[in-house]
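Presented below is the structure to which this report refers.
Per chain, numbering begins at 1; letters A, B, ... match sequence-line order. All heavy atoms count here, side chains included; hydrogens, waters and symmetry mates do not. Please read all numbers here as calculations on a predicted model, not as lab measurements.
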Amino acid sequence: MPAVPDKPTLDGIDATWAQRWADEGAYQFDRDAERGEVFSIDTPPLTVSGSLHIGHVFSFTHTDTVARFHRMRGKSVFYPMGWDDNGLPTERRVQNYYGVRCDPSLPYDAEFEPPEIPDRTHLPVSRRNFVELCERLTAVDEQAFEAVWRRLGLSVDWRHYYTTIDERSRRTSQAAFLRNLARGEAYQQEAPTLWDVDDRTAVAQAEMEDRDVPGAYHLLAFGRGDVAGDIVIDTTRPELVPSCVALVAHPSDARYQPLFGSTATTPLFGVEVPVVAHELADPDKGTGVAMICTFGDVTDVTWWRELQLPTRAVIGRDGRFAAATPEWITTERGRGAYAELAGKTVKQAHGRLVELLRDSGELRGEPRPISHPVKFYERGSRPLEIVTSRQWYIRNGGRDAVLRERFVDRGRELTWYPGFMRHRYENWVGGLNGDWLISRQRFFGVPFPLWYRLGADGDVDYDDPIAPDEASLPIDPSSEVPPGFTADQRGQPGGFIGDPDVMDTWATSSLTPQIAGGWIDDPDLFARVFPMDLRPQAHDIIRTWLFGAIVRSDLEHGTLPWGNAAISGWILDPDRKKMSKSKGNVVTPMSLLEQHGADAVRYWAAAARPGVDTAFDESQMKIGRRLATKILNVTKFVLSLGEPSADASARSVSEPLDRAMLTRLAGVVEEATSSFEAFDYARALERTEAFFWWFCDDHVELVKSRAYGARGDGPSASAIVALRTALSALHRLLAPILPFVTDEVWSWWHTGSIHRVPWPGPAEVAPSTPEDPAVIDVVGEVLAHVRRRKTEAKLSQRASVERLTVAAPAEFLAALTRGEGDLRAAGGVVDLELRENGEGVVIEVVLAAPDG
RNA sequence: GGGCGCGUAGCUCAGUUGGUUAGAGCGCCACCUUGACACGGUGGAAGUCGCAUGUUCGAGUCAUGUCGUGCCCACCA
């Protein structure tokens with residue numbers, strides 16, 4: 001046990017203790033523990049995209065305080081750590097970092113090394129080479145992340161570590177998918193889907209966001225065939241005229257009722273389309289009649305489906321207009337116009353088509369600029385298009401009201417912290433309008449573990465996929481061969497092909513409780529940790545990660561994946577704007593930890609109410625550091641008083657002030673405990689901290705001279721025993737928040753880490769005879785008067801008081817009398833006169849003349 | 001348009017079931033080097049608790065309305 005240092009300091013303790021915890025393998029989960037003795041946490045696997053944000057430090061600290069609390073409460077804490085490395089963010093980072101792009105048609109090159117200087121033209125590499133580069137880069141990033149987490153003091157069991165692309169994740173994800181498929185919960189469908197033309201993949205509803213972008217309304221004239229006159233429609237996307245399949249108006253719209261059942265011809269292209277009626281057409285929008293295109297937006301998809309209209313797509317998966325003129329454009333003029341658009345991007349085609357329409361006179365008036373919301377992939381930079389493609393879906397209630405209600409009910413079964421976050425969940429689930437699209441046309445992800453037979457004509461039979469044995473998972477259908485086939489049958493008539501797609505990263509990360517808990521490969525572990533106790537996460541991913549996990553767990557296990565969800569807030573700039581990525585990256589977590597110390601950074605995080613958006617505030621970190629320093633100093637002081645003799649009678653807390661302090665402390669212990677149980681680390685900290693400062697500033701000052709022996713051995717021992725009891729409890733109450741400094745001071749007077757000792761209970765600190773804490777307040781009030789007078793008289797607080805007169809109600813005097821000795825000592829009071837006064841408290845202080 | 005937060009001292013925020021003169025920290029002012037701590041301590045100035053009605057003996061706390069602010073969802077011709 002190291003002695004108390006002469007000059008305690010926080011310098012260097014972070015590195016010392018982080019290293020010791022790593023060396024000792026602290027915080028290991030005891031896997032012999034039964035479920036009831038376990039506290040399990042479904043840690044968010046962070047996207048490994050290069051750097052940690054201060055917001056991550058914020059929310060992960062919250063979780064760690066709760067983990068440490070439960071560990072001290074005697075639970076075996078299952079606290080794994082995962083990285084979400086599969087998926088698009090990694091692919092993009094690899095493309096830029098190494099200057100490559102994936103071309104699945106290329107063969108694997110075992111000798112491949114990326115260029116030293118990233119190639120701006122993005123060197124094409126095989127899928128396997130690309131995946132290897134992804135793995136190489138994420139490994140580097142993951143090490144950097146782990147270093148920050150260790151420095152921050154997260155009490156993670158690093159043996160329970162996973163990444164969403166590792167073998168176990170792939171096996172788990174594929175097994176869960178195959179079971180969904182077997183039960184009919186997963187299905188494949190060729191349908192219009194939202195499509196990102198830059199990443200060339202389908203995206204899910206949950207990954208879309210609206211952005212306001214500039215646009216313009218264009219009035220376009222449709223011909224009436226033989227009949228004179230035009231039908232004028234208003235559109236923001238005139239470039240979609242070639243894919244127009246109908247015009248639509250509301251059934252009750254008298255202006256257009258005569259036209260229902262007749263046809264119109266599209267401007268420039270001269271294609272004849274029907275005029276139809278549908279409830280979704282809004283008479284108040286534009287001219288009241290709209291063109292239906294395949295597909296301009298999701299309403300078009302609804303109309304197309306419900307009115308059974310033909311499909312006339314012109315925009316390809318690359319976001320460009322098809323090179324070949326569509327066969328439905330038959331007029332010479334129309335084919336000439338289309339030739340002007342072929343191969344152009346949507347934006348280019350838009351510009352050219354407006355020119356053509358203006359020249360032909362079919363554009364009426366000038367475009368009227370507006371700003372309107374347009375759907376984007378949340379990570380994308382161009383608007384989403386809608387293209388028809390074959391995709392995998394998991395039923396999530398988006399097309400089934402009964403199932404949707406079941407998931408809403410699951411959300412109600414879950415305990416939310418803070419409670420109002422449940423509304424976001426219900427809002428989202430209630431508003432679903434389609435099933436969960438899980439397939440992505442990408443490369444670095446978990447492959448769909450399926451093959452398809454090829455007919456004699458080479459046609460793919462999607463209806464009867466070949467699934468592997470669960471025991472053989474994970475598999476890659478693009479390199480492995482299904483049972484009963486040989487490798488040379490791949491792609492041949494009568495042979496097979498592998499499913500080319502990968503699962504979206506959310507489809508895998510929705511299984512983090514199953515992955516971390518060992519559902520597939522360690523059922524014994526799984527039984528001890530699942531359903532988990534806590535899911536900590538931010539509110540922006542309620543609709544993705546949280547909802548996905550509930551869906552998967554409900555479908556597979558018929559239960560919630562966890563009992564509690566603790567939702568953290570955002571970190572905002574000091575000016576209350578959402579902290580931008582660039583800004584957040586300027587202040588890196590590591591630099592903050594180095595500048596302020598881990599405990600100080602943790603203090604800032606833990607001082608924020610759960611779920612509340614919080615300003616980035618370095619001054620809070622300074623306060624945290626001040627608290628840590630105070631802990632060092634007050635510990636040094638209390639321990640310097642020595643230990644009273646072991647004789648039980650000499651160890652009794654006999655003095656009223658000491659008992660009052662401990663009685664108050666017992667209340668604080670109770671409050672801190674119940675707060676932590678409700679995941680309210682902030683309240684636990686606030687109560688403990690308030691007591692701690694009061695303890696240092698008032699109680700210690702009051703009993704100091706008695707502790708030194710001013711009133712004899714008994715009263716001195718009482719003070720010392722009470723101080724040490726309080727100190728021990730305070731160290732432990734603060735340990736979850738400030739693990740470094742508390743382990744440091746604990747080591748001065750104990751062997752073993754504070755993080756493995758029991759959390760204090762009220763009974764442990766409460767005195768055998770309780771004392772009303774008001775005794776200290778009364779003494780404190782009088783002492784404050786004395787101090788004020790000394791300050792007013794510009795005297796030192798050590799100046800003595802010749803006479804102190806207190807006139808007060810009997811009750812007040814009685815309490816004061818119980819602390820009289822300490823009051824005299826602390827205030828330097830020579831004469832104390834007490835007088836009963838029912839009117840109120842009047843205090844007179846006569847100061848001694850300053851001597852020399 | 002629907003939903004959910006938030007609005008308390010110059011700043012950042014606490015104020016759990018309504019209960020005596022509304023709290024903390026930072027900042028500001030004055031003072032104190034006192035046998036743990038100057039990375040300290042003592043004291044002070046500073047608030048019509050967004051506004052309005054209502055319920056109540058009593059409202060920062062409950063209800064209704066209103067204003068401001070932020071987020072989520074929907075609308076996207």
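Judged as a side chain to side chain contact (heavy atoms under 4.5 Å, CB included), and not counting sequence neighbours, the contacts of A:Arg237 are A:Thr235, A:Glu239, A:Leu240, A:Ile315, A:Val346, A:Glu385. For A:Phe812, there are no ring pair (Phe, Tyr, Trp, His ring centres under 6.0 Å) partners, not counting sequence neighbours. For A:Ser728, the side chain to side chain donor-acceptor pair (under 3.5 Å) partners are A:Arg732, not counting sequence neighbours.
Salt-bridge annotation for A:Glu686 and A:Arg683: absent, with no side-chain N of the basic residue lying under 4.0 Å from a carboxylate O of the acidic one. Electrostatic pairing of A:Arg368 and A:Asp234 counts as a salt bridge here, judged by a charged N lying under 4.0 Å from a carboxylate O.
Here A:His539 does not reach the OP1 or OP2 of B:C4: none of its side-chain N or O atoms lies under 4.0 Å away. Contact between the side-chain N/O atoms of A:Lys630 and the OP1/OP2 oxygens of B:G41 is found at a separation under 4.0 Å.
Nucleotides of RNA chain B nearest to A:Asp11 and A:Thr235 differ in position, and the one nearer the 5' end is that of A:Asp11. Comparing A:Phe637 and A:Thr629, the nucleotide of RNA chain B nearest to each residue sits closer to the 5' end for A:Phe637.
If you check residues 203-211 of chain A against RNA chain B, the residues with a heavy atom closer than 4.0 Å are A:Gln205, A:Asp210, listed by number.
Nucleic acid contact for A:Val298: none, since no nucleic acid atom lies under 4.0 Å from a heavy atom of the residue. Heavy atoms of A:Asp234 sit under 4.0 angstrom from primed sugar atoms or phosphate atoms, though from no base atom. Using a 4.0 Å heavy-atom criterion, one finds that A:Ala628 contacts no nucleic acid atom at all. Using a 4.0 Å heavy-atom criterion, one finds that A:Glu701 contacts the bases of the nucleic acid, with or without backbone contacts as well. Using a 4.0 Å heavy-atom cutoff across all strands shown, A:Tyr708 reaches at least one base atom of the nucleic acid. As judged by a 4.0 angstrom heavy-atom cut-off over every strand, A:Cys293 is placed among residues making no nucleic acid contact. Residue contacts shown for A:Asp282 include a base, since a base heavy atom lies under 4.0 Å away. Residue A:Lys704 is classed as a base contact, given a heavy-atom separation below 4.0 Å to a base. Heavy atoms of A:Arg237 sit nowhere under 4.0 angstrom from any nucleic acid atom.
For the 3.5 Å distance criterion, the side chains of A:His731 and A:Thr635 qualify, holding a donor opposite an acceptor. For the 3.5 Å distance criterion, the side chains of A:Tyr377 and A:Glu209 fail to qualify, holding no donor opposite an acceptor. One side chain, A:Trp570 or A:His539, offers a donor N or O that lies under 3.5 Å from an acceptor on the other.
Straight-line distance from the NZ atom of A:Lys622 to the C1' atom of B:C39: 12 Å, rounded to whole Å. For the pair A:His423 NE2 and B:G3 P, the computed distance is 11 Å after rounding to whole Å. Going from atom CG of A:Leu632 over to atom P of B:G40 covers 13 Å, rounded to whole Å.
Using a distance-only test at 3.5 Å, with no hydrogens or angles considered, no donor-acceptor pair links the side chain of A:Thr544 to the main chain of A:Ile542.
A cation-pi geometry, defined here as NZ or CZ lying under 6.0 Å from the six-membered ring centre and within 45° of its normal, holds between A:Arg664 and A:Trp694.
When all heavy atoms of A:Ile386 and A:Val298 are compared, the closest pair comes out as CD1-N, 3.7 Å.
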task: For RNA chain B, produce a single dot-bracket line, 5' to 3'. Pairs: Watson-Crick or G-U wobble, both distances under 3.5 Å. Symbols: ( ) within strand, [ ] crossing, | other strand, . unpaired.
output: (((((((..((((.....[...)))).(((((.......))))).....(((((..]....))))))))))))....
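Summarising the geometry, atom CZ belonging to A:Phe222 is positioned 9.5 Å from atom CD belonging to A:Glu362; distances are rounded to the nearest 0.5 Å.
Taking only distance into account, the side chain of A:Glu689 never meets the base of B:A14 through a donor-acceptor pair shorter than 3.5 Å.
For B:G5, the base is not stacked against the aromatic ring of A:Phe420, per a cut-off of 5.5 Å between centres and 30° between planes.
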- request: Scan nucleotides 19-30 of chain B nucleotide by nucleotide, 5' to 3', and note B when protein non-hydrogen atoms come under 4.0 Å of the base, S if they reach only the sugar-phosphate, - if neither.
  value: ------SS---S
